[in-house]
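First comes the structure, then the notes that go with it.
These numbers come from the heavy atoms of this one structure, side chains and all, not from hydrogens, waters or symmetry mates. Indexing begins at 1, ligand by ligand and atom by atom, following the structure's order. Nothing fancy with the numbering, it's 1 onward along the sequence.
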Amino acid sequence: MAKSRSGVFEKSASELLNIFNASLPFDKKLYKEDIKGSIAHATMLANQNILAEDEAKKIVAGLKQVLEEIENGEFIFDISDEDIHMAVEKRLSQIIGEEIGGKLHTARSRNDQVALDFRLYTQKNNIEISLQIKEFIKTLLKIAKENTKTLLPGMTHLQHAQPINFAFHLLAYISMFKRDIERFEDSYKRADVLPLGCAALAGTPHSIDRDMVAKELGFSKVSLNCLDTVSDRDFALEILFNISTMMMHISRFAEELIIWSSSEFRFVTFSDEYSTGSSIMPQKKNPDVAELLRGKSGRVYGNMIALFTVLKALPLAYNKDMQEDKEAVFDSVETALICLKILNKAVETMTINKENMRKACEVGHLSATDLADYLVKKCKIPFREAHHITGSAVAYAQKLGVDISQMSLDELKKIDSRIGDDVTDFLNLEASMNARNSKGGTSTSSTLAQIATIEEWLK
Ligand code: ARG
């Protein structure tokens with residue numbers, strides 16, 4: 001009879017129930033957290049004289065052996081044990097005997113145990129994901145530093161808008177990823193409370209020391225209310241939300257990489273190591289990496305919505321529905337980690353085609369706003385009128401078949417006699433980019449200031 005079935009049962013569980021009820025096939029991933037928690041629990045029980053010193057020693061040694069067996073691949077996972085908690089406890093009792101092994105679960109329930117294991121897992125990954133994002137930011141920053149003067153068209157509505165530099169464009173993404181890191185860190189701080197010691201839902205009559213366990217496991221606080229603690233999966237929702245937001249940022253960047261690597265743009269070229277081929281068209285190199293990054297955002301949103309839906313309307317406290325929390329989180333965490341790794345590699349190894357970026361700036365009259373600004377600043381013309389005059393200039397340039405930045409002085413003066421000789425200094429693409437020198441703007445000097453801020457933060 002399975003360990004979780006007390007004397008109240010006369011018959012064993014059906015095979016079908018075992019398969020349906022078990023979380024072991026996926027929660028075995030939590031073995032380290034589970035054993036770590038049990039060691040801290042047993043140590044505390046001995047400290048409180050709830051267990052004898054030598055009993056706790058045997059339990060700890062037994063748990064260490066279980067850990068070794070799992071890591072060596074010797075451990076036999078049996079689905080009828082239901083979950084990792086019961087599987088570890090059963091093996092412990094086989095090793096040190098039922099008499100002492102059976103004492104480990106004193107003053108504890110699987111409800112607070114799973115809340116602990118799962119929280120330890122998410123906390124570890126809040127950190128791991130932050131570190132991986134940081135690595136990617138470093139890669140982007142390195143490229144940014146080499147491209148503070150590389151012109152490319154800044155867009156709105158995917159239409160050429162104003163000339164910007166490539167570093168400035170990358171710093172937009174760096175800013176997003178920096179906020180992502182801050183979100184993971186905030187979630188870490190909020191989840192930094194020990195759930196263990198809440199037992200099934202209402203605490204325990206045993207004289208436990210939760211503060212000691214918190215210290216042992218690296219939590220800075222003990223949770224306030226047991227009923228909340230065993231019901232709470234906010235920390236899981238938060239990591240799912242944080243991953244979803246990060247993946248949305250990755251997806252937007254991936255989309256740009258896909259566009260930029262197309263024949264129409266050729267702003268970037270992915271290295272062969274991170275490009276894929278077509279099974280029929282031999283000439284093709286495809287951006288599958290970027291497409292999968294974009295696609296996987298959908299998958300992690302799905303995990304987030306799934307857990308919200310599972311938790312909605314659950315009465316307090318623990319309900320078995322909550323076992324559905326793990327696969328969603330495991331999948332999103334693993335997806336996030338591999339996405340960050342490959343994104344970093346693909347970007348690190350791609351070629352940036354500065355020439356093509358620059359050439360693209362000569363299409364679309366990117367310095368039109370500069371002509372309007374010139375008319376306002378130098379000729380004291382109201383902006384609305386300047387806007388209209390510039391429109392006529394663009395129409396004239398189109399008729400001539402040139403970009404506004406390539407129009408001669410004579411042609412410009414034909415549009416409005418107030419236009420002076422100094423106008424060409426304004427229409428030049430570099431000048432246009434550098435004119436936007438306001439804080440956070442695209443000028444090279446403003447971009448360098450943004451880089452300096454990020455470097456300071458990275459320290
Ligand atoms: N395997 C369960 C889960 O993942 C552990 C908690 C079981 N608790 C219970 N009262 N049945 O949620």
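- Ring pair Tyr31/Phe75: centre-to-centre distance not below 6.0 Å.
- Between Phe166 and Trp260, the two ring planes are perpendicular [angle over 60°; tilted spans 30° to 60°].
- Atom CG of Leu170 is separated from atom CG of Asn165 by 9.0 Å, given to the nearest 0.5 angstrom.
- Using a distance-only test at 3.5 Å, with no hydrogens or angles considered, a donor-acceptor pair links the side chain of Asn125 to the main chain of Tyr121.
- With sequence neighbours left out, the salt bridge (Lys or Arg N to Asp or Glu O under 4.0 Å) criterion links Asp325 to Arg233.
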Exercise for the section: Assess whether salt bridge (Lys or Arg N to Asp or Glu O under 4.0 Å) is satisfied between Glu135 and Lys138, documenting all intermediate values. Expected result: CA-CA 5 Å; Glu135 286 310 304; Lys138 284 184 197 160; 3.3 Å; yes

N/O pairs closer than 3.5 Å, ligand 1 and protein:
residue: ligand 1; atom: 1 (N); partner: Ser23; partner atom: OG; Å: 3.0
residue: ligand 1; atom: 1 (N); partner: Asp83; partner atom: OD2; Å: 2.9
residue: ligand 1; atom: 1 (N); partner: Gln323; partner atom: OE1; Å: 2.8
residue: ligand 1; atom: 4 (O); partner: Lys326; partner atom: NZ; Å: 2.6
residue: ligand 1; atom: 8 (N); partner: Asn111; partner atom: OD1; Å: 3.0
residue: ligand 1; atom: 10 (N); partner: Asn111; partner atom: OD1; Å: 2.9
residue: ligand 1; atom: 12 (O); partner: Tyr318; partner atom: OH; Å: 2.4

